[in-house]
Amino acid sequence: MNTSQTGSTKRPGIAPLHSSLNQKPQHSYEQYLFRARDEERAGNRIEAENYYQHAEHYFRTIK
């Protein structure tokens, strides 16, 4: 399963993050950071890095 095509993670029970125009960058940042830490604790370094990079993007938009 390719996560970039389906928009979901490989781990069951975790809903995909979808950015919407109404969602604030601060909220997106916090959500991606939460997901990154969760993946890191689960031992999935690649998914964690992916989420950290998304979080960094939103962090830059907050400044």
Side-chain angles (χ1 to χ4, degrees):
M1 172 184 346
N2 186 342
T3 58
S4 64
Q5 290 176 347
T6 63
S8 64
T9 63
K10 295 175 188 171
R11 293 180 48 211
I14 297 180
L17 284 175
H18 295 289
S19 296
S20 70
L21 296 176
N22 296 329
Q23 190 171 351
K24 297 192 184 296
Q26 177 70 33
H27 180 72
S28 295
Y29 167 73
E30 291 168 358
Q31 289 295 308
Y32 278 113
L33 197 57
F34 173 80
R35 295 280 174 92
R37 291 175 178 160
D38 188 46
E39 290 293 335
E40 196 169 44
R41 282 189 294 270
N44 192 346
R45 293 183 356 213
I46 295 172
E47 280 296 315
E49 181 62 29
N50 179 38
Y51 284 130
Y52 278 127
Q53 288 178 10
H54 280 82
E56 182 181 9
H57 163 75
Y58 284 104
F59 178 76
R60 290 178 185 194
T61 63
I62 295 168
K63 288 186 166 189

Note, Tyr52 side chain near Arg37 side chain (heavy atom, < 4.5 Å): yes

Parallel, tilted or perpendicular: rings of Tyr32 and Tyr58 (30°, 60°): parallel

Heavy-atom closest pair, residues Pro25 and Thr61: CB-OG1, 3.4 Å

Flag if over 12 foreign heavy atoms under 6.0 Å of CD1, Ile62: yes

Distance (rounded to the nearest 0.5 Å) between Tyr29 OH and His57 NE2: 13.5 Å

Salt bridge (Lys or Arg N to Asp or Glu O under 4.0 Å) between Arg35 and Glu39, intermediate numbers included: CA-CA 6 Å; Arg35 295 280 174 92; Glu39 290 293 335; over 6 Å; no

From OH (Tyr51) to CD1 (Ile46), nearest 0.5 Å: 13.5 Å

N/O donor-acceptor pair under 3.5 Å between His54 side chain and Asn50 backbone: yes

